[in-house]
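Residue numbering restarts at 1 for every chain, and letters A, B, ... go by the order of the sequence lines.
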2 protein chains.
Amino acid sequence: MIKKQKYCPDIPTCSVDYAFRRIGGKYKGRILWYLHEFTVLRYGELSRTIPDITTKMLTQTLRELESDNLINRKVYKQVPPKVEYSLSEIGKELIPFIRYLKEWGDSRIKNETNKNTKNTSHNNL
Amino acid sequence: MIKKQKYCPDIPTCSVDYAFRRIGGKYKGRILWYLHEFTVLRYGELSRTIPDITTKMLTQTLRELESDNLINRKVYKQVPPKVEYSLSEIGKELIPFIRYLKEWGDSRIKNETNKNTKNTSHNNL
DNA sequence: AACAATACATACTTTTTAGTATGTAGCATA
DNA sequence: TATGCTACATACTAAAAAGTATGTATTGTT
């Protein structure tokens, strides 16, 4: 007899899982990082900082970050509209971790590049 | 005239992005974390440790981690087969960050639980 | 000959995530 | 009256990720 494969509802299995759900997705990491680097960014500024994001995804992602309490959204009542985004206190707690990840990524990229260089130019003594 | 929305190929935009691609996905974080906690795990042990993963996803995810050099795969030539997985040196570099993330998740979950408790039982002086 | 053990492979379907294109609000200025 | 500015909304489509079900290989044991 064959064991049936798993079918599992939406239990937040563990805290690693919980955390990844909040910062996963294609753009969340970068948005959080830029909000850290620039402290406050308007919608249009974010859009220009992350040139490969569409307005749909930018809005959607910002909404998710907001409802997870990772960022603040400040609306100025004026025309044309002005909306500012910044990290919340909880969002700021994630910065050391994103920094670590970024540095890891940097060193990995550097390492890979070195390897490629070596491969194409060995025997150059 | 309306600005055209972005269409972008597969450039690894930045190191934050690069890193997230390697540890994103539904199970990568947990697999790495368990390999850290147990040092070495066989395929079946991993499967039992992460009960909500299917064999397809487990295999697929392990292959990705392997090709990104984050884990080692050791095959014993015997029947029935035996395969052991463990963290590579590069994979180990990710542990502090996953630990941090896990702790953040734990404290967030605790916090949310507290809030709910407070809401349903305030005025209990 | 049938079955158990282990670590997968694979075809197919469903769900989730992301992308495309276009529209809206409200006031200011040409 | 038309256009611009800014921050979106929304309908629809496409692509990526995940899930379901079932099959395979090898060898020892019953």
Side-chain angles (χ1 to χ4, degrees), chain A residues 1-11 13 17 20-31 40-68 71-86, chain B residues 1-11 13 17 20-31 40-68 71-86:
Chain A
M1 214 252 218
I2 290 156
K3 222 197 293 171
K4 224 170 122 196
Q5 288 278 41
K6 317 305 161 23
Y7 55 98
C8 237
D10 205 39
I11 345 154
T13 323
D17 212 52
F20 267 104
R21 286 193 200 177
R22 268 134 248 262
I23 53 152
K26 202 167 174 181
Y27 305 103
K28 283 185 180 176
R30 277 196 281 166
I31 289 178
V40 174
L41 285 173
R42 293 180 61 178
Y43 184 90
E45 292 173 329
L46 270 168
S47 175
R48 268 166 268 129
T49 309
I50 306 174
D52 57 324
I53 200 172
T54 62
T55 65
K56 185 210 163 202
M57 285 311 293
L58 180 53
T59 303
Q60 188 177 307
T61 308
L62 288 169
R63 291 292 130 80
E64 287 174 26
L65 291 171
E66 199 196 346
S67 79
D68 284 336
I71 62 171
N72 303 311
R73 181 167 181 267
K74 186 172 181 185
V75 183
Y76 293 82
K77 286 213 162 182
Q78 60 184 55
V79 169
K82 177 179 177 183
V83 181
E84 286 181 346
Y85 293 91
S86 58
Chain B
M1 215 254 215
I2 290 157
K3 222 198 291 172
K4 221 169 125 197
Q5 289 280 43
K6 315 309 158 25
Y7 53 100
C8 239
D10 206 39
I11 345 154
T13 324
D17 213 51
F20 267 104
R21 285 194 200 176
R22 265 133 250 264
I23 53 152
K26 202 168 176 181
Y27 304 103
K28 284 185 179 176
R30 278 195 280 164
I31 289 179
V40 174
L41 285 173
R42 293 179 60 177
Y43 184 90
E45 292 172 329
L46 269 168
S47 175
R48 269 166 266 130
T49 309
I50 307 174
D52 56 323
I53 200 172
T54 61
T55 66
K56 185 209 163 201
M57 284 313 292
L58 180 54
T59 303
Q60 188 177 306
T61 308
L62 287 170
R63 290 292 130 79
E64 286 173 28
L65 291 171
E66 199 196 347
S67 79
D68 285 335
I71 62 172
N72 302 313
R73 180 168 182 269
K74 185 172 181 185
V75 183
Y76 292 83
K77 285 211 163 185
Q78 59 183 57
V79 169
K82 178 177 175 184
V83 181
E84 286 181 345
Y85 293 92
S86 59

Check Y27(A) against D52(A) and note the closest heavy-atom contact, atom names and distance. OH-O, 3.4 Å
Report yes if at least one side-chain N or O of Y27(A) is closer than 4.0 Å to OP1 or OP2 of dG19(C); otherwise report no. yes
Side chains of I31(A) and L58(A), heavy atoms from C-beta outward: is any pair under 4.5 Å? yes
Would you check if K28(B) and E64(B) make a side-chain contact, meaning some heavy-atom pair closer than 4.5 Å? yes
Atom CG of D52(B) and atom P of dG19(D) are separated, to the nearest Å, by 8 Å
Donor-acceptor under 3.5 Å (T59(B) side chain, K56(B) main chain): no
Rounded off to whole Å, could you give me the CD1-to-P distance for the I31(A) and dA18(C) pair? 11 Å
What are the two closest non-hydrogen atoms of R30(B) and K26(B), and how far apart are they? NH2-O, 4.3 Å
Is the shortest side-chain N/O distance from K56(B) to OP1 or OP2 of dA17(D) below 4.0 Å? no
Measuring from atom CG of D68(B) to atom CZ of R63(B), what distance do you get when rounded to the nearest 0.5 angstrom? 13.5 Å
Measure CG/L58(B) against C1'/dC8(C) and give the value in whole Å, please. 10 Å
What is the nucleic acid contact for Y76(A), judged by heavy atoms within less than 4.0 Å: base, sugar-phosphate only, or nothing? nothing
Between P of dC8(C) and CD of E45(B), the distance in whole Å: 13 Å
Set of salt bridge (Lys or Arg N to Asp or Glu O under 4.0 Å) partners for E45(B), sequence neighbours left out: none
OP1 or OP2 of dC8(C) sitting under 4.0 Å from any side-chain N/O of Y85(B)? yes
Nucleotide nearest T55(B) when distance is taken to its side chain, options dC8(C), dA7(D), dT6(C): dC8(C)
When you get a sec, tell me which of dA7(C), dT20(C), dG19(D) is the closest nucleotide to the side chain of R42(B)? dA7(C)
Is there a donor-acceptor contact under 3.5 Å linking the side chains of Y43(A) and T55(A)? no
Taking NZ from K26(A) and C1' from dA14(D), how many angstroms apart are they, rounded to a whole number? 12 Å
Rounded to the nearest 0.5 Å, how far does OG1 of T54(A) lie from CD of Q60(A)? 8.5 Å
Using five pairs at each end of the helix from dA1(C)-dT30(D) to dA30(C)-dT1(D) to define an axis, what is the angle between those two axes, to 10°? 40°
Spacing of I50(B) atom CD1 relative to dG19(D) atom C1', expressed in whole Å: 16 Å
When rounded to whole Å, the CZ to C1' distance for the pair R63(A) and dA9(D) reads 9 Å
Please state whether the phosphate of dT16(C), meaning OP1 or OP2, lies under 4.0 angstrom from any side-chain nitrogen or oxygen of R21(A). no
Which atom pairs link the protein and nucleotides 27-30 of chain D when you take only N or O atoms and keep those under 3.5 Å?
none

Which atom pair, heavy atoms only, marks the closest approach of L62(B) to I71(B)? O-CD1, 3.5 Å
Whole Å only: how far is the CE atom of M57(B) from the C1' atom of dT15(C)? 12 Å
